[in-house]
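First comes the structure, then the notes that go with it.
Naming: A, B, ... by sequence-line order, numbering from 1 per chain.
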2 protein chains.
Amino acid sequence: MKTSITVAIVEDKEPIRQSLAILVDGADGFFCQATFETAEAALDYLPGHCVDVVLMDIDLPGMNGIDCVRHLKPRCPDTQFMMCTMYDEDETVFEALKAGANSYILKRSPPHKLLEAITELHEGGAPMSSTIARKIAGSFHVNRSTPTELDVLTPREREILDRLSKGHSHKEVAEELFVSPTTVRKHIFNIYEKLQVHSKVEAVNKYLGRR
Amino acid sequence: MKTSITVAIVEDKEPIRQSLAILVDGADGFFCQATFETAEAALDYLPGHCVDVVLMDIDLPGMNGIDCVRHLKPRCPDTQFMMCTMYDEDETVFEALKAGANSYILKRSPPHKLLEAITELHEGGAPMSSTIARKIAGSFHVNRSTPTELDVLTPREREILDRLSKGHSHKEVAEELFVSPTTVRKHIFNIYEKLQVHSKVEAVNKYLGRR
DNA sequence: TCATCAATACCGCATTTGTATGATTTTTAA
DNA sequence: TTAAAAATCATACAAATGCGGTATTGATGA
């Protein structure tokens with residue numbers, strides 16, 4: 001037989017905590033090992049009894065759920081933390097991820113979705129409510145509206161500039177592209193002429209559109 | 001009746017393109033409106049005939065799928081782009097998201113998962129293969145411009161770094177601050193130590209909060 | 001077909017930069 | 001008041017960079 005996924009719940013509101021515990025314990029393959037009303041109580045118990053998955057409310061009395069994760073994650077690196085909350089404000093989401101949460105689910109999700117998410121989380125995924133996922137993906141999106149200035153560069157030149165922008169040296173770029181360092185230098189020289197700059201930092205600034 | 005989700009496929013390898021098209025067209029509620037072998041062909045057609053969802057391979061001959069998305073997204077802002085590829089290297093994933101992709105699915109995903117993902121994408125989600133989602137969530141945990149990292153710098157060091165970020169040379173900074181070039185170099189060396197970098201571009205990237 | 005451009009490559013020189021060591025003077029904090 | 005941190009300057013060397021010229025090959029286009 002396969003062992004159950006052990007779960008802990010941190011949630012201050014009695015009825016919600018109860019129904020979550022019942023949901024988890026009632027399902028096949030899940031075991032609700034502990035529930036806590038406060039972040040402090042969880043901090044006290046969990047480091048010695050690491051569970052597979054923690055469902056963490058954010059809006060708790062005293063220490064909030066995000067800070068609780070921040071403290072717990074280093075001490076229970078194998079435990080997966082699922083933020084489980086009402087709100088989906090940008091800042092809260094990103095703070096939670098920075099703190100070490102692996103998943104962010106809105107409480108309005110239907111029960112079967114929650115169980116699915118716990119399983120997915122335990123199997124190495126990072127389940128997110130769809131609006132959350134969209135926020136996260138969108139946070140990477142940069143509108144690098146080609147300021148026509150970069151259009152004068154050849155594809156090769158752009159590739160080299162891109163690597164320079166990552167902090168690579170002439171030699172490193174040469175090795176990455178399997179060409180000689182002198183070739184790279186020549187390309188860079190051409191890039192400088194086209195962009196009217198005289199150093200890497202200036203070129204990279206133009207490339208990344210920061211003025 | 002509800003209208004079908006219109007889909008376009010960009011994939012150079014014939015058999016994969018075919019089976020994707022058949023999969024999509026054969027399923028209820030989906031309509032494969034167009035397929036392309038190259039990014040260039042997609043760039044030519046799509047801006048005039050925006051579809052709901054584009055399945056985009058990354059490893060294409062000529063322009064790659066990421067650059068293709070970069071060009072298409074601004075012109076088809078309502079179209080959702082799903083990267084659909086073999087590999088899951090960090091850089092590729094983040095580049096795709098920066099370019100405007102909303103979803104990133106590995107080709108090894110089973111067919112029914114792919115259809116589910118298309119639906120989820122169309123409904124406002126951002127479906128990711130689990131390993132990808134974990135990468136993305138994790139990227140917030142470790143990096144992201146950490147204001148705390150710059151806190152270790154002294155005000156003077158920050159001032160110097162700020163001028164470096166504008167593309168000024170050691171000597172120029174020295175003149176601006178009325179100190180000797182060697183002093184500036186000493187400061188820069190200390191900055192590098194604190195930020196754990198070895199070049200101006202890397203330091204400036206950290207200063208301006210890139211990865 | 002010829003001209004142009006992109007990509008490759010080499011040589012060389014002066015300057016800038018990265019790294020290291022050491023020292024003096026302010027400023028700040030304990 | 002004393003110790004620690006910050007800012008200043010010097011010297012030195014090796015590596016990286018910026019700038020100039022030149023040249024071959026392949027692709028593109030007029």
Taking the side chain of A/Thr154 as heavy atoms from C-beta outward, which of C/dT17, D/dT8, C/dA7 is closest to it? C/dA7

Please give, in whole Å, the distance from C/dT17 P to B/His187 NE2? 16 Å

So B/Thr182, base contact, sugar-phosphate only, or nothing? Heavy-atom distance under 4.0 Å. base

Judged by modelled atom types alone, do A/Thr131 and A/Ser129 share a side-chain donor-acceptor pair under 3.5 Å? no

Roughly, in whole Å, what's the span from CD in A/Glu193 to P in C/dA6? 12 Å

Among D/dA16, C/dT8, D/dC19, the one nearest any side-chain atom of A/Lys171 is D/dA16

Report the distance from atom CD of A/Glu202 to atom C1' of C/dT16, rounded to the nearest whole Å. 14 Å

By the 4.0 Å heavy-atom rule, please label B/Ser180 as base, sugar-phosphate, or nothing. sugar-phosphate

Among the nucleotides C/dT16, C/dA7, D/dA16, which one has an atom lying closest to any side-chain atom of A/Glu157? C/dA7

Take atom NZ in B/Lys113; do more than 12 heavy atoms of anything else shown fall under 6.0 Å from it? no

Could you state the atom-to-atom distance from CG of B/Leu164 to P of C/dT16 in whole Å? 14 Å

Could you check whether B/Tyr104 and B/Tyr87 have their ring centres less than 6.0 Å apart? no

Modelled atom types, side-chain donor and acceptor of A/His122 and A/Gln80, under 3.5 Å: no

Whole-Å distance separating the CD atom of A/Glu175 from the P atom of D/dA16: 10 Å

Side chain of A/Phe189 - closest among D/dC9, C/dA7, D/dC19: D/dC19

If only atom types and distance count, is the side chain of B/Glu202 paired as donor or acceptor with the main-chain N or O of B/His198 below 3.5 Å? yes

B/His198 NE2 to C/dT19 C1': how many Å, rounded? 11 Å

Nearest whole Å is fine: how far is D/dA5 P from B/Asn190 CG? 13 Å

For C/dA7, does OP1 or OP2 lie under 4.0 Å from any side-chain N or O of A/Thr183? no

Less than 4.0 angstrom between a side-chain N/O of A/His170 and OP1 or OP2 of D/dA15, yes or no? no

When all nucleic acid strands are considered with a 4.0 Å heavy-atom cut-off, which category describes A/Lys186: base, sugar-phosphate, or nothing? base

Would you mind telling me which of C/dT8, D/dG18, C/dT17 lies closest to the side-chain atoms of A/Tyr192? D/dG18

Using whole Å, what does the distance between atom P of nucleotide D/dG18 and atom NZ of B/Lys200 come to? 9 Å

Which nucleotide sits closest to the side chain of A/Arg156: C/dG12, C/dT8, D/dT8? C/dT8

